[in-house]
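Before any comments, here is the structure.
Since the structure is predicted, the reported quantities are computational estimates derived from the model, not experimental observations. Just the heavy atoms: all of them, side chains too, but no hydrogens, waters or symmetry mates, feed the values below.
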Amino acid sequence: MRMKTMNLDIKKECNNVMVIVPHQDDEILMSAGVIRVCEQNNVPYTVVMVTNGDYGCIDYSKGYARLKESLAGLETLGSNKESFEIMGYADTGMPERESFLTHLYNEKNEQKIYPSSCARETYGLEDKIEFHMKKYGKHGDYNRITFEKDLEMLLEEKKPDVIFTTSEYDMHGDHSGLYYFVCEVLDILNKKNGYEPKVFCGLIHSCAGDDNWPERDTAVFSCPQGLEENSNYKWEERMILELPEEMKKARGINNLKYQALLKHETALEPDAYEFLMAFIKDEEIFWKVR
């Protein structure tokens with residue numbers, strides 16, 4: 001089977017990288033290796049956290065905890081909070097009928113507010129305020145127009161030449177919803193000023209189901225059952241990023257990706273542990289979509 005391998009010389013190929021994900025731990029599962037390689041090669045990068053991961057919580061405690069866990073995980077990879085941007089939006093559930101980002105993307109009334117269990121507007125941390133607060137001096141409403149404009153301004157400000165984000169074929173409504181928003185805003189910016197970065201997408205929740213994919217206890221990824229039948233992704237066209245030695249599966253508990261993932265204590269619930277740890281492999285995989 002023919003495979004394409006993503007060029008590991010990120011220093012040569014990329015001037016500025018952005019990893020943009022919906023929830024805390026997505027940045028580690030999908031792209032810890034990308035972040036580490038950027039860090040090792042002094043390639044400027046930004047990790048953008050879209051939601052606060054506060055699903056089902058009636059106060060800010062879960063959101064605060066998960067944001068701090070992301071900062072701790074990134075620190076494990078050698079990063080710091082200056083490379084981290086919080087957008088501060090809601091997390092309301094995985095199915096499309098519950099998903100905050102899917103609701104926003106499909107909403108025709110761009111001013112309509114979609115509250116979470118605890119908030120109606122963006123929030124961040126005391127020592128790391130969210131992007132909207134940083135730019136406007138106030139929190140942003142949980143509506144379509146505010147999110148779209150924040151994303152547009154963030155991309156205009158950072159100007160990454162390569163973006164890593166979640167996929168339209170991801171079964172989590174926030175993951176697919178984010179993909180559609182990223183593409184929409186990039187189309188706006190392309191018409192506005194010709195900005196056209198490369199975009200790579202990774203899978204976290206595949207159509208095979210979290211119980212079946214990624215395969216447990218393997219060092220490389222296998223093709224999720226149903227992927228080629230239900231998407232435009234071809235397994236032979238995936239791009240493979242081989243991870244640095246300190247992130248290889250054989251390192252066991254000394255594996256740097258494993259250590260970063262351990263910082264996400266809130267996400268590491270018993271029913272999710274095996275699924276999350278299945279992303280500890282010798283590679284990360286993506287599809288180039290733009």
Side-chain angles (χ1 to χ4, degrees), residues 19-30 47-73 84-154 165-166 170-182 184-185 204-205 210 263-269 271-272 276:
V19 172
I20 178 167
V21 293
H23 312 110
Q24 295 74 15
D25 75 16
D26 291 336
E27 76 281 14
I28 302 300
L29 300 177
M30 184 183 78
V47 177
V48 179
M49 189 60 58
V50 173
T51 83
N52 288 328
D54 51 10
Y55 173 65
C57 188
I58 61 174
D59 59 27
Y60 300 135
S61 59
K62 186 176 181 181
Y64 291 157
R66 296 201 71 189
L67 290 170
K68 290 175 182 177
E69 288 167 0
S70 270
L71 283 168
F84 188 56
E85 287 286 353
I86 298 169
M87 294 192 72
Y89 285 87
D91 177 9
T92 60
M94 179 174 179
E96 288 188 354
R97 66 181 181 277
E98 299 175 9
S99 160
F100 177 80
L101 290 177
T102 292
H103 274 310
L104 279 199
Y105 185 77
N106 292 328
E107 181 54 57
K108 302 303 181 185
N109 179 1
E110 61 185 18
Q111 301 289 345
K112 181 177 178 179
I113 293 176
Y114 278 92
S116 70
S117 301
C118 66
R120 297 171 58 89
E121 58 187 14
T122 60
Y123 67 93
L125 297 170
E126 184 176 347
D127 61 345
K128 184 67 181 180
I129 61 176
E130 79 272 23
F131 185 75
H132 194 93
M133 173 62 78
K134 186 166 61 173
K135 292 301 174 185
Y136 298 102
K138 61 181 182 180
H139 303 297
D141 290 334
Y142 280 175
N143 58 27
R144 193 186 203 285
I145 188 62
T146 304
F147 178 74
E148 182 189 89
K149 292 300 182 183
D150 280 358
L151 184 56
E152 181 180 342
M153 183 179 295
L154 184 55
T165 193
T166 48
D170 196 296
M171 303 308 291
H172 195 306
D174 282 345
H175 291 218
S176 55
L178 176 59
Y179 168 84
Y180 292 125
F181 264 121
V182 168
E184 179 178 294
V185 170
I204 297 176
H205 302 281
D210 292 352
K263 301 299 183 182
H264 290 267
E265 295 180 14
T266 305
L268 289 169
E269 299 176 354
D271 62 346
L276 298 177

request  = Flag the pair L125 / L71 as yes when at least one side-chain heavy-atom distance between them is below 4.5 Å, and no otherwise.
outcome  = yes
Contacts satisfying salt bridge (charged side-chain N to carboxylate O under 4.0 Å, His left out) that involve residues 58-67 (not counting sequence neighbours) are D25-R66
Note to self: Test side-chain contact (heavy atoms from CB on, under 4.5 Å) on H175 and I204; report intermediate values, then the result.
What the structure shows: CA-CA 9 Å; H175 291 218; I204 297 176; 3.7 Å; yes
Subject >> Within-4.5 Å side-chain heavy-atom neighbours: E69 and Q24 >> reply: no
dist N52:CG -> S116:OG (nearest 0.5 Å) comes out at 8.5 Å
Residue pairs passing the salt bridge (charged side-chain N to carboxylate O under 4.0 Å, His left out) test with at least one member in residues 122-141, sequence neighbours excluded, are K81-D127, E85-K134, K135-E157
K149 meets the salt bridge (Lys or Arg N to Asp or Glu O under 4.0 Å) criterion, sequence neighbours left out, with E152
May I ask you to decide if the ring planes of H132 and Y136 are parallel, tilted or perpendicular, using 30° and 60° as cut-offs? tilted
ring-ring contact (aromatic ring centres under 6.0 Å, His included) with Y123: of Y142, Y64, F131, only one passes, and it is Y64
Between the CD1 atom in I86 and the CG atom in L67, the distance rounded to the nearest 0.5 Å is 4.5 Å
Does a side-chain heavy-atom distance below 4.5 Å link M87 with V48?
yes
Taken in chain and number order and not counting sequence neighbours, the residues that satisfy side chain to side chain contact (heavy atoms under 4.5 Å, CB included) with T102 are E96, S99, N106, S176
For E184, the salt bridge (Lys or Arg N to Asp or Glu O under 4.0 Å) test, sequence neighbours excluded, returns R144
OG1 (T146) and CD1 (I113) are apart, to the nearest 0.5 Å, by 8.0 Å
Scanning both residues in full, the closest heavy-atom pair of S70 with E27 reads OG-OE2, 2.8 Å
Heavy-atom closest pair (C118 atom, D54 atom, distance to 0.1 Å) is SG-OD2, 3.5 Å
**Prompt:** Does some side-chain heavy atom of P22 sit less than 4.5 Å from a side-chain heavy atom of H172?
**Reply:** no
Using side-chain heavy atoms (C-beta onward) and a distance below 4.5 Å, is F100 in contact with D174? yes
Can you check whether V182 reaches L178 side chain to side chain, under 4.5 Å on heavy atoms?
-> yes
Nearest heavy-atom contact between K112 and N143 is O-CB, 3.0 Å
>> side-chain contact (heavy atoms from CB on, under 4.5 Å) for H23 and H264? Distances and angles first, verdict last.
In response: CA-CA 11 Å; H23 312 110; H264 290 267; over 6 Å; no
- [ ] Taking the side chain as every heavy atom from C-beta outward, state whether E98 and Y55 have any atom pair closer than 4.5 Å.
- [x] yes
### Message
For a 4.5 angstrom cut-off between non-hydrogen side-chain atoms, does H139 reach T122?
### Response
yes
Taken to the nearest 0.5 Å, the spacing of D26 CG from I20 CD1 works out to 11.5 Å
Taken in chain and number order and not counting sequence neighbours, the residues that satisfy ring pair (Phe, Tyr, Trp, His ring centres under 6.0 Å) with F147 are Y89, F181
To the nearest 0.5 Å, atom CE of M94 lies from atom CG of D210 at 5.0 Å
